[in-house]
K.L.:
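Take a look at the following structure, please.
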Amino acid sequence: MKKEDTQCKICCSDIQCIFSDVVLGKYNVNYYQCEQCGFIQTESPFWLEESYASAITSLDLGYTSRNLLCRDISAELIQGCFNPEGKFLDYGGGYGLFVRLMRDAGYDFYRGDLYCDNLFANCFDLSDLDEKIDFELVTCFEVLEHLDNPISEMEKILTHSNSILFSTELQPSQPLHTAGDWEYLAPDTGQHIAFYTEKALSVMARKFGLNFYTDGKNIHLFTNKKLHPDCISKSLRNIRSYYKMFYLLIDKSLPFIRGRKLRKTLLQSDYQLVKQKNQKK
């Protein structure tokens with residue numbers, strides 16, 4: 001066992017192997033869990049270059065809907081807890097879709113990503129800024145689960161701002177025995193290598209002297225600001241209320257939509273279809 005596989009990458013406590021699974025359809029990989037904070041990490045991820053042959057995996061079918069939801073939660077939280085007139089950075093911003101959505105909504109966002117082409121936010125990249133900016137807030141969606149060294153990467157993010165709004169799905173309450181017990185492990189893509197508990201994120205926040213807020217599921221905030229403990233959940237409730245009012249208004253205003261049921265998403269069935277086709281390849 002390599003030295004980096006013997007300690008938790010969050011709190012440096014002892015770890016133990018909880019299961020092994022096949023990554024990218026061919027590599028047998030050990031998954032380790034911290035005995036103290038519950039953080040799960042893979043063994044040293046030697047397969048990452050292969051995993052990132054495409055920066056956005058073909059199995060990430062939720063890319064568009066996730067960016068729309070992240071736009072709404074970010075705007076709601078910024079309006080309630082931060083200065084909307086400030087500058088903002090989306091760290092690990094992928095194709096730049098989220099930045100474009102936020103700029104369309106009136107927020108001065110920029111994108112930072114060393115590994116992915118900027119398709120939607122040209123001229124609004126971190127590299128386009130002439131000087132170093134202290135950003136009001138950094139967003140960092142679906143990034144932490146990709147990090148081999150979460151603490152050192154968080155140090156880099158904090159050079160841009162003292163407030164980080166991020167997403168990563170928390171581990172289920174039931175113990176994991178195989179990768180099949182939790183879809184978020186995603187061994188087929190090989191890109192998810194770090195998996196957090198609420199306790200692990202709390203330890204991270206304390207390491208940097210920051211306050212930690214969470215919805216208890218997948219939206220989290222580190223900040224030096226003192227906010228209402230329920231600030232994220234309240235923002236999500238507000239968004240659901242807005243959506244409900246919007247659909248009621250549409251239903252009353254447009255006769256051809258009135259009474260039409262919302263159709264069930266094809267996201268899950270499409271995911272399974274793409275997964276099967278990739279396995280055949």
Side-chain angles (χ1 to χ4, degrees), residues 10 37-40 62-94 97-99 101-103 105-109 111-112 135-147 150-151 153-154 157-158 160-173 182 184 192 194-246:
I10 303 297
C37 71
F39 177 71
I40 293 176
Y63 185 78
T64 302
S65 57
R66 183 174 67 248
N67 277 280
L68 290 170
L69 177 60
C70 289
R71 173 200 61 186
D72 293 340
I73 181 63
S74 298
E76 181 69 22
L77 202 64
I78 288 170
Q79 287 296 139
C81 304
F82 295 92
N83 176 14
E85 305 304 318
K87 291 186 182 297
F88 305 89
L89 173 67
D90 187 35
Y91 190 91
L97 177 59
F98 174 75
V99 168
L101 289 170
M102 292 305 292
R103 295 193 67 84
Y107 299 95
D108 193 8
F109 258 83
R111 169 201 170 275
F135 292 97
E136 177 71 8
L137 173 72
V138 170
T139 55
C140 189
F141 296 119
E142 295 303 294
V143 171
L144 265 71
E145 62 275 7
H146 297 259
L147 302 181
I151 298 299
E153 195 68 27
M154 189 60 65
I157 301 173
L158 287 168
H160 299 291
S161 176
N162 289 320
S163 297
I164 305 168
L165 176 64
F166 62 99
S167 69
T168 192
E169 191 171 321
L170 294 181
Q171 293 176 34
S173 56
W182 188 30
Y184 201 67
H192 287 192
F195 310 93
Y196 303 80
T197 61
E198 189 168 325
K199 184 176 182 180
L201 292 180
S202 181
V203 169
M204 285 185 71
R206 286 200 303 271
K207 279 181 178 286
F208 297 106
L210 299 172
N211 299 309
F212 171 49
Y213 303 94
T214 179
D215 70 343
K217 296 177 181 178
N218 61 353
I219 304 294
H220 321 283
L221 174 66
F222 290 168
T223 181
N224 60 349
K225 295 177 181 289
K226 187 70 174 178
L227 304 176
H228 190 282
D230 198 32
C231 59
I232 294 181
S233 296
K234 181 180 178 182
S235 296
L236 289 169
R237 287 195 298 270
N238 287 344
I239 291 169
R240 286 192 287 267
S241 296
Y242 298 152
Y243 281 145
K244 184 176 181 180
M245 287 189 292
F246 173 76

K.L.:
Compare all side-chain heavy atoms of Phe166 with those of Val143 and state whether any distance is below 4.5 angstrom.
P.N.:
no

K.L.:
Quick check: do Asn238 and Lys234 have side-chain heavy atoms less than 4.5 Å from each other?
P.N.:
yes

K.L.:
Using modelled atom types and a 3.5 Å cut-off, is there a donor and acceptor pairing between side-chain atoms of Thr197 and backbone atoms of Cys37?
P.N.:
yes

K.L.:
Provide the closest heavy-atom pair for Asn218 versus Glu169 in the form atom of the first, atom of the second, distance.
P.N.:
CB-CA, 3.9 Å

K.L.:
Once you measure the plane-to-plane angle for Phe98 and Phe141, does it fall in the parallel (<30°), tilted (30-60°) or perpendicular (>60°) bin?
P.N.:
perpendicular

K.L.:
Would you call Asp108 and Arg103 a side-chain contact if the rule is heavy atoms closer than 4.5 Å?
P.N.:
yes

K.L.:
For Asp90 and Cys140, which heavy atoms make the closest approach, and how far apart are they?
P.N.:
OD1-N, 4.1 Å

K.L.:
Report yes if the side chains of Thr223 and Leu165 come closer than 4.5 Å at any heavy-atom pair, otherwise no.
P.N.:
no

K.L.:
Hey, is the main chain of Leu227 close enough, under 3.5 Å, to the side chain of Tyr213 for a donor-acceptor pair?
P.N.:
yes

K.L.:
Report the residue from Arg111, His160, Glu153 that forms a side-chain hydrogen bond (donor to acceptor under 3.5 Å, both in side chains) with Tyr91.
P.N.:
Glu153

K.L.:
Would you mind reporting whether Thr139 and Cys70 have side-chain heavy atoms less than 4.5 Å apart?
P.N.:
no

K.L.:
Within the 4.5 Å heavy-atom criterion, are Ile40 and Trp182 side-chain neighbours or not?
P.N.:
no

K.L.:
How far does OG of Ser161 sit from CG of Leu158, to the nearest 0.5 angstrom?
P.N.:
8.0 Å

K.L.:
Which atom names give the shortest non-hydrogen contact between Pro150 and Ile10, and what distance separates them?
P.N.:
CB-CD1, 3.9 Å

K.L.:
Donor-acceptor pair, Glu136 side chain versus Asn83 backbone, under 3.5 Å?
P.N.:
yes

K.L.:
Ignoring hydrogens and angles, tell me if any N or O in the side chain of Gln171 forms a donor-acceptor pair with the backbone of Gly38 under 3.5 Å.
P.N.:
yes

K.L.:
Please check if the distance between the ring centroids of Phe39 and Tyr196 is under 6.0 Å.
P.N.:
yes

K.L.:
Please find the pair of heavy atoms, one from Leu89 and one from Gly112, that lie closest to each other, and give the distance.
P.N.:
CD1-N, 3.8 Å

K.L.:
Can you measure from OG (Ser233) to NE2 (His228) and round to the nearest 0.5 angstrom?
P.N.:
10.5 Å

K.L.:
What is the minimum heavy-atom distance between Ile73 and Leu236, and which atoms define it?
P.N.:
CD1-CD2, 3.8 Å

K.L.:
Would you give the length of the straight line joining atom CD1 of Ile219 to atom SG of Cys231, rounded to the nearest 0.5 angstrom?
P.N.:
12.0 Å

K.L.:
Contact between Thr214 and Leu201 at the side-chain level, heavy atoms closer than 4.5 Å - yes or no?
P.N.:
no

K.L.:
Measure the spacing between CD of Glu198 and CG of Asp215 and express it to the nearest 0.5 Å.
P.N.:
9.0 Å

K.L.:
Does a side chain donor of either Ser202 or Arg206 reach within less than 3.5 Å of an acceptor in the other side chain?
P.N.:
yes

K.L.:
Any chance you could measure Leu101, atom CG, to Leu69, atom CG, to the nearest 0.5 Å?
P.N.:
11.5 Å

K.L.:
How close do Ile164 and Leu137 get, heavy atom to heavy atom, and via which atoms?
P.N.:
N-CD1, 4.0 Å

K.L.:
Could you check whether any side-chain heavy atom of Leu210 comes within less than 4.5 Å of a side-chain heavy atom of Met204, counting everything from C-beta outward?
P.N.:
no

K.L.:
Is it true that, when you exclude Lys225 itself, more than 12 heavy atoms of the residues, nucleotides or ligands shown sit nearer than 6.0 Å to its NZ?
P.N.:
yes

K.L.:
Ring centres of Phe208 and Phe222 under 6.0 Å apart?
P.N.:
no

K.L.:
Among His192, Glu142, Glu145, His220, which one satisfies side-chain hydrogen bond (donor to acceptor under 3.5 Å, both in side chains) with Thr168?
P.N.:
Glu145

K.L.:
Can you tell me how far the CD atom of Glu85 sits from the OH atom of Tyr107, to the nearest 0.5 Å?
P.N.:
9.0 Å

K.L.:
Between Asn67 and Arg71, is the side-chain contact (heavy atoms from CB on, under 4.5 Å) condition met? List the steps.
P.N.:
CA-CA 6 Å; Asn67 277 280; Arg71 173 200 61 186; over 6 Å; no

